[in-house]
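Structure, as structure tokens:
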Amino acid sequence: MTEELTKKRGVSVPVQIAIWVFLAGLLALVGFGLNHAQNPMAQIGKSVPDFDLEYYPGYEYNGIEKMKLSDLRGKIVVINIWASWCKPCEQEAPDLEQAWQIYKDGGDVVILGVDYVDTPKGAEGYLTKFDITFPNAPDLKSNISSILNRQMGVPETYFIDRTGILRHVKVGPFASVGEIQSIISSME
Amino acid sequence: MFAEFGYGILVVSFIVAFYSLIAAVYGALRKSAAMVESSRRGMFLVFPLLSLSAAALVYLLITNHFEVAFVYEVTSRSMPTYLKVTAWWGGQAGSLLFWAWLLAAFTSAVTLRKWERDIEFLPWVIVVNAVTIIFFLGMVVFYENPFTRFWLVAGNVEPHMFAPLAATLFTPQDGNGLNPLLRHPGMVIHPPMLYLGFVSYVIPYAFAMAALITGRTDDRWIRLTRRWSLWAWLFLSFGLVLGGRWAYDVLGWGGYWGWDPVEIAAFMPWLTGTAFLHSVMIQEKRGLFKHWNMILVILTYALVVFGTFLTRSGVLSSVHAFANSPIGPFFMGYTALTLFVSIALLIWRWPLLHGETEMKSMLSREALFLLNNLLFMSVLIVSFWGVIFPLVSELFTGQKVTVGPPFYERATAPLFAGLMLLMGIAPLSAWGHSTIKTLGRAMWKSALAAAILTVVLFFTYTQNYIALIGFFLIALVLFVTFQEFGRAARARQRAQGENFFTALARLMGRNRRRYGGYIIHISMMLMAIGILGIEIFQKETQGSLAQGEQMELAGYTIEYRELASWPDEGKGVNFTRAVVDVYEDGIYLGELTPRIDYYFDSQQNMTIPGNRSTLKDDLYVLLVDWQPVSSMGATFKVFVNPLVNWLWIGSLLFLAGIIFTAWPDHDPAEEPLRAPQSTNQPSAAD
């Protein structure tokens with residue numbers, strides 16, 4: 001009887017293969033997505049994973065409006081994470097700008113502002129208010145702060161040496177332009 | 001001290017759960033009742049243990065112990081105590097503990113039931129629950145520890161559980177504060193409800209796996225878990241509805257559902273869960289679909305884990321996403337393991353699961369239920385495709401392309417329409433056999449009434465054909481369902497000599513599942529009215545107004561009266577509140593006060609709409625922006641959302657319907673097996 005036969009029947013081998021292949025494919029796809037989503041994170045003494053940025057309108061460095069971290073090899077890179085709503089940031093903004101005025105002509109040190117969770121309007125107001133001239137860019141999707149492994153709040157400043165290795169992290173505002181200078185000179 | 005205590009108890013719970021797992025497997029394989037009993041007691045113990053750990057965490061949260069990284073992340077001094085408690089599930093680490101704690105509660109409850117008749121299931125049910133708990137606790141113990149503290153090591157602040165060498169504890173002055181978006185009362189209970197729904201699906205899955213492993217593949221496991229799956233469905237549905245209401249009240253885009261990947265992640269197990277609720281009835285009544293029910297319960301559990309994984313791994317960008325986290329790969333591994341083991345078991349036991357009869361008629365109730373299941377699966381496939389499409393596109397083009405709401409709306413609308421049509425037909429069909437003739441005789445009156453109503457709507461309300469099809473289907477289902485209530489109650493009235501309402505009440509009480517189901521169908525239709533209203537007839541406009549200026553939309557006039565901005569230091573919020581007067585056709589209706597709340601500690605804005613809600617429509621006004629004091633201008637976004645209130649009314653009825661259905665009166669496990677075929681279906685005899 002056919003009913004008897006169907007009752008005994010299991011899943012045929014080709015169907016089983018198809019099921020496992022489908023499942024493996026699905027997992028591979030999700031794994032691929034996961035691999036892409038897991039941003040590598042920076043650690044002191046380790047090389048900082050590469051990222052790129054597009055500056056705010058009106059900002060550039062060496063005449064270019066975009067940057068890639070790896071293009072700045074050979075220079076000391078200071079990345080300052082700030083936001084227009086952040087009070088302590090206002091405290092250190094003039095010091096950072098002053099430091100930029102000291103270093104910019106040497107071409108050896110780049111100071112880079114990265115604006116964390118902000119409105120374009122707020123950012124524009126902040127940059128104008130403090131006459132900030134060093135290149136500044138928004139941290140879209142908080143991508144940069146997650147790569148840099150931002151621990152606490154804003155401001156935080158990351159010092160990357162000429163070989164692309166993270167040397168120092170400053171949590172909170174700088175007390176003076178001298179503090180910035182002494183950290184940079186310790187990296188020479 | 002509390003941090004060490006909480007963490008210590010976590011580790012102990014982890015070990016106890018691990019012991020129970022080993023003891024259960026050993027006891028089952030060696031047929032040692034004593035070992036199984038020992039594992040049962042171990043499993044029971046996990047819940048009180050985790051409760052202690054959770055209590056330690058809650059204590060740290062409400063007493064501002066900001067040296068604990070998790071406390072620092074999710075609370076601040078200015079938060080009221082109840083929010084500090086709910087901050088428990090406001091961040092990754094805490095919510096994983098919360099998940100494990102809920103699951104432990106359910107597992108403890110399961111271990112306490114009477115096991116005599118089902119003792120062979122017990123060890124395997126414990127195994128599945130223990131594996132799930134061990135996985136979640138493992139995440140908490142090893143990767144996302146909520147008790148980690150800040151330490152000052154050589155001038156740097158680092159998070160560690162135990163003091164590194166030469167380190168001092170670092171206590172920040174104040175915490176980050178809970179994301180203001182999460183401070184809504186709806187948000188306080190939305191995540192627990194979703195988690196409860198997710199977690200309670202572990203139980204039916206555990207029984208299904210136990211049935212596969214033991215080879216006891218009759219419908220015992222279904223009867224044992226019927227009520228669990230109903231409660232799971234209740235919690236999941238409630239969680240989804242609350243999320244929708246929260247979005248409507250707080251997110252400030254005039255909608256309730258945005259087809260966000262994480263919304264879909266919670267929606268997918270709901271779809272398979274709903275299909276499961278329907279198809280188990282066929283197995284109970286007709287002994288069919290045994291494979292299918294297994295597949296559905298496996299899918300539901302896998303989707304629960306997958307959904308949790310999606311939310312927490314950062315694999316998809318979403319408003320719900322937790323921060324980038326190292327636990328993604330583990331979640332993925334666990335999802336893979338679950339699928340692998342379940343599918344392997346299913347293939348192994350496939351020959352034992354063949355149906356006891358065959359389907360005879362394409363219009364029988366079981367055939368219509370099968371169609372219903374296929375439609376739910378189609379919605380699932382559309383949703384799943386939409387969720388993983390960004391990954392597919394990234395793989396092949398390098399670009400993450402996200403599909404938007406229009407994709408889902410276009411693809412699912414006909415499927416939902418099909419489901420509605422089935423809701424109109426299936427209650428009238430009979431188990432075993434129905435024909436076009438019997439169905440036609442049962443439904444022509446309702447169909448005619450719905451058609452007449454649609455024609456009336458065509459001339460008086462709308463010419464939009466999608467809306468008209470929608471309204472026709474809604475009316476059809478409502479009329480058919482009411483007709484069913486009326487017919488059955490009248491039959492009982494005649495037979496028992498009761499008055500109509502007594503007859504109706506007794507009838508419903510005697511068959512909660514059927515009539516509860518009908519109540520749920522009615523509530524779905526009310527929700528559909530709201531959804532059609534907002535999806536098809538929503539109107540919006542935006543404009544900047546000076547004081548005293550007016551703006552019009554869909555018969556409403558709003559006039560900007562004043563705006564005030566003041567900080568409330570105690571609450572840590574700066575309120576900016578506009579007052580607008582509302583007129584309809586020149587008649588003054590009252591004022592609305594849309595607000596923007598700015599939270600100092602988390603430096604985030606929250607847009608609270610001013611909403612005037614009636615059965616006809618909602619007038620939903622958002623304050624978008626305002627100019628400095630001198631000009632006192634303000635920008636508003638205005639939505640008119642017709643009929644949307646029916647969505648919430650329907651939701652309430654929906655919850656009432658599930659509670660009515662799931663309310664314990666007698667144990668479904670003790671019901672007689674397979675009901676006789678024809679007596680069960682009054683409409684066939686009508």
Side-chain angles (χ1 to χ4, degrees), chain A residues 2-13 15-17 19-20 22-41 43-44 83-87 89 116-119 121-122 140-143 145-147 149-154 156 168-172, chain B residues 69 72-73 150 154-159 170 172 176 291 302 306 309-310 313-317 321 323-326 328-329 331-333 335-336 339-340 343-344 346-358 384 387-388 390-392 394-395 398 400 598 600-605 625:
Chain A
T2 52
E3 207 177 68
E4 281 299 306
L5 281 175
T6 50
K7 275 195 176 167
K8 293 276 180 283
R9 209 172 53 215
V11 183
S12 69
V13 175
V15 174
Q16 286 196 33
I17 293 173
I19 291 170
W20 294 121
F22 174 76
L23 203 62
L26 203 60
L27 288 168
L29 180 68
V30 176
F32 160 82
L34 189 64
N35 194 27
H36 269 229
Q38 294 276 312
N39 282 327
M41 289 187 190
Q43 273 180 305
I44 290 183
S84 68
W85 40 260
C86 149
K87 285 286 161 198
C89 300
Y116 170 73
V117 186
D118 214 338
T119 57
K121 219 167 132 187
L140 297 176
K141 292 184 185 165
S142 302
N143 193 24
S145 15
S146 82
I147 288 176
N149 197 11
R150 198 179 52 90
Q151 282 298 334
M152 306 287 285
V154 267
E156 276 187 16
H168 189 87
V169 179
K170 166 77 183 173
V171 178
Chain B
Y72 168 82
E73 263 169 47
F150 289 126
N156 280 317
V157 175
E158 293 174 10
F170 175 79
N176 259 335
H291 292 128
F306 184 68
F309 158 70
L310 280 187
S313 61
V315 78
L316 297 165
S317 37
N324 209 344
S325 161
F331 256 101
M332 194 181 133
T335 314
L339 281 173
F340 177 81
I343 292 176
L346 182 62
I347 290 175
W348 176 45
R349 292 300 194 187
W350 193 264
L352 290 182
L353 287 165
H354 283 287
E356 293 160 27
T357 49
E358 277 172 11
F384 189 77
V387 166
I388 61 159
L391 300 180
V392 178
E394 194 183 9
L395 181 64
K400 233 180 204 174
Y598 178 81
F600 297 119
D601 48 13
S602 58
Q603 288 135 344
Q604 264 182 301
N605 274 328
D625 199 3

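Letters A, B, ... mirror the listed sequences (proteins, then strands); counts begin at 1. Note that these values count all heavy atoms, side chains included, but never hydrogens, waters or copies made by symmetry.
A distance of 5.0 Å separates CH2 in A:Trp20 from CD1 in B:Ile347, rounded to the nearest 0.5 Å. To the nearest 0.5 Å, atoms CG (A:Leu23) and OG1 (B:Thr335) are separated by 10.5 Å.
Considering every non-hydrogen atom in both A:Leu29 and B:Val392, the closest pair reads CD2-CG2, 3.6 Å. Closest approach of A:Phe32 and B:Leu391 over heavy atoms only: CE2-O, 3.8 Å. Here the closest heavy-atom approach between residue A:Gly10 and residue B:Pro351 is recorded as CA-CG, 3.8 Å.
Contacts of B:Leu353 with chain A are absent, with no heavy-atom separation under 4.5 Å from either backbone or side chain. There is no contact between B:Ala69 and chain A, counting heavy-atom distances below 4.5 Å. Using a 4.5 Å cut-off between heavy atoms, B:Phe340 contacts chain A through both its backbone and its side chain.
B:Phe306 is not listed as a side-chain neighbour of A:Leu26, based on a closest heavy-atom distance of 4.5 Å or more.
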